[in-house]
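Let me begin by presenting the structure, written as structure tokens, before commenting on it.
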Amino acid sequence: MPLSKNEIRKRALEFSKEYENAHYEKGETQSFYNDFFRVFGIKRQRVASFEAPVKKLGNKQGFIDLFWKGVLLVEQKSAGRDLSKAKTQAFDYFPNLKEQELPSHLLLSDFQTFELHDLETGDEYKFPLSDLHKHIDLFGFISGYKKRVFENQDPVNIKASEMMGQLHDTLLGNGYEGSELELFLVRLLFCLFADDTGIFDKDILKFFIEERTAEDGSDLGSQIQHLFQILDTPNTKRPATLDEDLAQFPYVNGDLFSEPLRIASFDSDMREALLKACYFDWSDISPAIFGSLFQSVMDKDKRRGLGAHYTNEQNIMKVIEPLFLEDLKVEYIKAKGSKKKLEALQQRMGRMKFLDPACGCGNFLIMAYRELRLLEIEILKEIYGPAPYNLELDISHMSKINVDQFYGIEYEEFPARIAEVALWLVDHQMNMRLSEEFGIYYARIPLVSAPHIHHADALETEWADILPISNQVTLLGNPPFRGSKYQSPEQRAQIKTIFSGVKGAGVLDYVSAWYLKAAQYLQGTDIRCAFVSTNSISQGEQVGILWRLLFEEYGIKIHFAHQTFAWGNEARGKANVHVIIIGFGSFDVKRKRIFEYDDIKGDPQEIVVKNINPYLVEGQDNFVENRTKPICDIPISGIGNKPIDGGYFLFTTDERDEFIKAEPAAQKFFRRWIGAQEFLNGFERWCLLLKDASPVELRSMPMSKERIQKVSQYRRGQIPAKGKEDIPKNKKRDAQTQKLGDFPTKFHVTNIPDTPYLVMPEASSSRRNYIPFGFEQPSTLASNLVKIACEVSPYHYGVLSSKMHMDWVRVVAGRLKSDYRYSTRLVYNNFPWPENPSVKHVDAVEKAAQNILDEREKYSDCSLADLYDPLTMPVGLLKAHHALDKAVDKAYRPQPFPSERHRIEYLFALYEKITAPLIAKSKKKKK
């Protein structure tokens, strides 16, 4: 157990006085450094050796005066000798040391002067022996009082995870697998961390493995198993004859080491890998993000992108700061100067409870715990005044916050175990921080309190059975998101059960179930909740289904929201997912905040608003739901043609030409065919449209008749689609499609205008600033992958091509992967058009719209995808769009719109104004 800082200072002063007048020669090094290590409560012989042999540069034999592998190299000179030569001599040893043996610190001395080099930071310190007591903080790497900075230390955490990955692979290769392997590695993680952070005496695990096990690894598994048993045995129940090296390990408790495991088999390489892990400094890892990395090493496929599978700390702070931490910090600032108020705040923090109902490896719980403890330490420093502190302080009763305030539900067993251990690790880190601040060592060993991490399915569990409902509870986390099309049958069944009776619930993302469960849990309370989620629940048709239920049935109010941003990390192989954060409760708050991102990978701008609607913008709690007719007087839009032909009526240009060459009579039945891809990328496809072919004509076209036959068979489920070998087992033809097989020349949906029409692609890249719309002639057939509208004027085209309409699309439209999904019923029919625009404004929009078409005509050899790529968009076309944007803005109101946010707020207010009479009429009709 580390000594208190005050005790170390006292011993350092005594050591200095004992040696300050002595003029030792180098031969007295051993007695000097044995006493030096005792200053810090360390038995030198347990960690460091004198006269360690090593090859110097030039392969000459050398001897290091004192060597603590991986930690400290000492080069000693007689009193008054030049230490610069000692430094040169020390660095001559480095080339032939193993990587894991390279020290983090170099100490040079002539018995009266110390020169300490921190080789990790490059810092150097020089002071006389008499001032040693003033510089004990520099030797925190010996005493255990090491200053730690909590940041996204990705290289450290990744390197640690790679080491665990090596151990995992070698053990797995020896047949040690499954839950036993997982638990074995979790225990090793705890021991490695304990060896570097003061839970164990410094480096006793490394010493035990290096000195007490055979080099070939033959007895390593049994020795580790023996160690695990000792860690689970109270000191009072240990054998009197227990080996001294094992007896110094403390009793841990907490059931971490209670479950018996098979003895793992090791060889020399495996032993070397474990020793390499022992030499690594585990005190620098962040339990908050290491846990997820640790989990990822269990899966080789995930490990290829190591660093891509954890949540970085900065993003977790986006959840916990506005959820509860900022309020506590404000209360702390207000309480400064009042011991009574500070103690009351600390007591309240000690009563808080936290539940993550999809906790994984515990990232959010760990960060919440760490930040609470850091704030508590600041409170304690205010209560007890500035340092130095009273030596009689009982530090063990200072902290009122413990891991048993934290609850989690996790579907998989291994992450649940990691979460539990990681909370213990961060608890010890905070105890060491408390020790460092007050100079008195404090550790909660043996473990008495434990976090409540439950291995269960959160959607099949009553959360109140895990944590009884009270106003002291806070809900938080990052539940799993999975689109309806990607859910397993079991997950779909859960959504169906949880949203029983809710119309349209089948389209909801899997994460929606956590929102409903949370809404039910926090009814009638002051409980606050915040979840990280896929942005799809604030877009498209899911909004009207999920949020109408939460708002109207459960009285939910959104308190804060982060609009879409990239949830990723700075590690190599990083993976970014576009997410949102929503903080909510069943009660209202006056001060609501939206965090919006100009750059989804950058920092947000905070905006204080009166209300946050389900689209995460300021406005009333409106729900844009599917409509069969537009809310304004505009042309009707619908889908193009839907053939359900299995591809047998569709041809590339080469296929069409070959077909016509073999069957010339078919030429007049070919029509140009466009879907979203053809329209945007400019490549040609053709459709064999035979609905108007007479029986006589068909009789003379056997190849066309063969195509008709194949379409009929495809619709009946008798053959696969064109170019496919098998019929998908999970795609049975419905009765309507099979019946359509009786009319093979007829499309499932036929929409062939006899006048020019507007084409609106259903899917378009979100990289584009504008969705390219355009006109087509009646001779071209549009597929069901585009929306079309007839009788569209240049004014209509102009408004639809404007930034005003695009801002509406970005907020209201759903997504197909990351692409915009343009829907007639949801986006087009609900778009609020300008109210009674003047002739002047209509003319201005039409003129600007025509300029866009004229600019596009200049580049007739380019596809729309090329023209609207932000990197290749011609300057003239971009300027034409900007001119159109200004004209459309003025059609809405005289004042300019400063930003997208202002446009959206205006559009929602206009939407509410236009739809209010429609909603009232609909309610009256229903009544």
Side-chain angles (χ1 to χ4, degrees), residues 481-485 487 492 495-496 498-520 531 533-558 561 563-564 580 582 584 586 594 611-632 637-639 762 787 805 807-816 820-832 904-905 907-926:
F481 8 114
R482 181 165 293 185
S484 59
K485 293 181 180 179
Q487 293 168 16
R492 288 195 188 95
I495 291 289
K496 185 177 180 180
I498 291 171
F499 287 90
S500 177
V502 178
K503 185 179 179 181
V507 304
L508 292 175
D509 191 283
Y510 195 48
V511 74
S512 301
W514 272 262
Y515 276 83
L516 181 52
K517 292 274 287 186
Q520 294 165 345
F531 287 148
S533 314
T534 170
N535 56 9
S536 66
I537 66 167
S538 64
Q539 301 165 345
E541 58 189 334
Q542 292 193 52
V543 174
I545 299 167
L546 173 63
W547 291 100
R548 182 179 291 280
L549 175 68
L550 297 181
F551 283 15
E552 296 182 355
E553 297 295 326
Y554 294 95
I556 294 301
K557 296 296 292 184
I558 297 176
Q563 294 176 347
T564 299
I580 55 176
I582 302 179
F584 61 96
S586 62
I594 295 174
N611 195 65
I612 303 174
N613 73 17
Y615 298 92
L616 309 188
V617 296
E618 184 170 18
Q620 296 304 308
D621 295 334
N622 291 316
F623 310 96
V624 180
E625 299 178 289
N626 287 325
R627 292 179 186 274
T628 57
K629 296 180 181 179
I631 62 173
C632 298
S637 168
I639 67 169
E762 183 179 86
K787 311 302 179 187
H805 184 60
D807 287 346
W808 180 259
V809 171
R810 287 190 186 94
V811 173
V812 174
R815 297 290 190 273
L816 192 63
Y820 297 123
R821 189 165 179 252
Y822 195 85
S823 162
T824 295
R825 292 188 169 196
L826 191 66
V827 181
Y828 182 88
N829 287 349
N830 283 298
F831 179 62
I904 290 300
E905 290 170 1
L907 286 174
F908 270 108
L910 184 56
Y911 173 81
E912 184 179 9
K913 179 181 178 181
I914 294 172
T915 58
L918 301 177
I919 294 171
K921 185 177 179 180
S922 175
K923 288 182 177 179
K924 186 175 181 181
K925 186 181 291 186
K926 287 180 181 179

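- For E905, the salt bridge (Lys or Arg N to Asp or Glu O under 4.0 Å) partners two or more places apart in sequence, or in a different chain, are R901.
- Applying the side-chain hydrogen bond (donor to acceptor under 3.5 Å, both in side chains) rule to S533 yields the partners Y515; only residues at least two apart in sequence or on another chain are considered.
- Taking the salt bridge (Lys or Arg N to Asp or Glu O under 4.0 Å) definition, one finds that K517 meets it with nothing, sequence neighbours left out.
- Of the inter-residue distances, the one linking S637 atom OG with Y822 atom OH reads 7.0 Å to the nearest 0.5 angstrom.
- Nearest approach of G506 to S484, heavy atoms of both residues: O-CB, 3.2 Å.
- Contact of the Y828 side chain with the K787 side chain is not registered, since no non-hydrogen atoms from C-beta on lie closer than 4.5 Å.
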In sequence, state the C-alpha distance, the side-chain angles, and the governing distance for Q563 and N535, and then conclude on side-chain contact (heavy atoms from CB on, under 4.5 Å).
CA-CA 8 Å; Q563 294 176 347; N535 56 9; over 6 Å; no
Test side-chain contact (heavy atoms from CB on, under 4.5 Å) on V543 and V624; report intermediate values, then the result.
CA-CA 8 Å; V543 174; V624 180; over 6 Å; no
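- Between N611 atom CG and I558 atom CD1 the span is 8.0 Å, to the nearest 0.5 Å.
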Is there a side-chain contact (heavy atoms from CB on, under 4.5 Å) between I580 and I537? Walk through the geometry before answering.
CA-CA 9 Å; I580 55 176; I537 66 167; 4.0 Å; yes
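- Here the closest non-hydrogen pair linking P832 and C632 is CA-SG, 4.2 Å.
- The heavy-atom pair separating Q542 from S512 by the smallest distance is OE1-OG, 4.0 Å.
- Applying the salt bridge (Lys or Arg N to Asp or Glu O under 4.0 Å) test to D807 and every residue at least two apart in sequence or in another chain returns K803, R810, R903.
- The backbone N or O of L826 lies less than 3.5 Å from no partner atom in the side chain of E541, so there is not a single donor-acceptor pair.
- Taking E912 as the reference, nothing meets the salt bridge (Lys or Arg N to Asp or Glu O under 4.0 Å) condition, with sequence neighbours excluded.
- The backbone N or O of A813 sits less than 3.5 Å from a side-chain atom of R815, completing a donor-acceptor pair.
- Atoms CG and CZ, from D621 and R548 in turn, are 10.5 Å apart once rounded to the nearest 0.5 Å.
- N829 contributes no side-chain N or O that, together with a main-chain N or O of N626, makes up a donor-acceptor pair within less than 3.5 Å.
- To the nearest 0.5 Å, atoms CD1 (I498) and CG (L516) are separated by 7.0 Å.
- With sequence neighbours excluded, no residue forms a side-chain hydrogen bond (donor to acceptor under 3.5 Å, both in side chains) with R825.
- Under the 3.5 Å distance criterion, the side-chain polar atoms of Q487 are matched with a main-chain donor or acceptor of L508.
- When side chains are defined from C-beta on, I545 does not count as touching F499, because their heavy atoms never get closer than 4.5 Å.
- In this structure, the side chains of V827 and Y820 stay at 4.5 Å or more apart for every pair of heavy atoms.
- The number of heavy-atom neighbours closer than 6.0 Å to CZ of R821, taken from other residues, nucleotides and ligands shown, is 12 or below.
- Between atom CG of residue D509 and atom CG of residue L546 there is a gap of 9.5 Å, rounded to the nearest 0.5 Å.
- To the nearest 0.5 Å, atom OG of residue S586 and atom NZ of residue K557 are 12.0 Å apart.
- The closest side-chain heavy-atom distance from Q520 to Y554 is below 4.5 Å.
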Could you check I582 against F531 for side-chain contact (heavy atoms from CB on, under 4.5 Å), going step by step and ending with a plain yes or no?
CA-CA 6 Å; I582 302 179; F531 287 148; over 6 Å; no
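- Residues E625 and N830 form no side-chain contact, since every pair of their non-hydrogen atoms from C-beta on lies 4.5 Å or further apart.
- Checking side-chain atoms of W547 against main-chain N and O of Y615 turns up no donor-acceptor pair under 3.5 Å.
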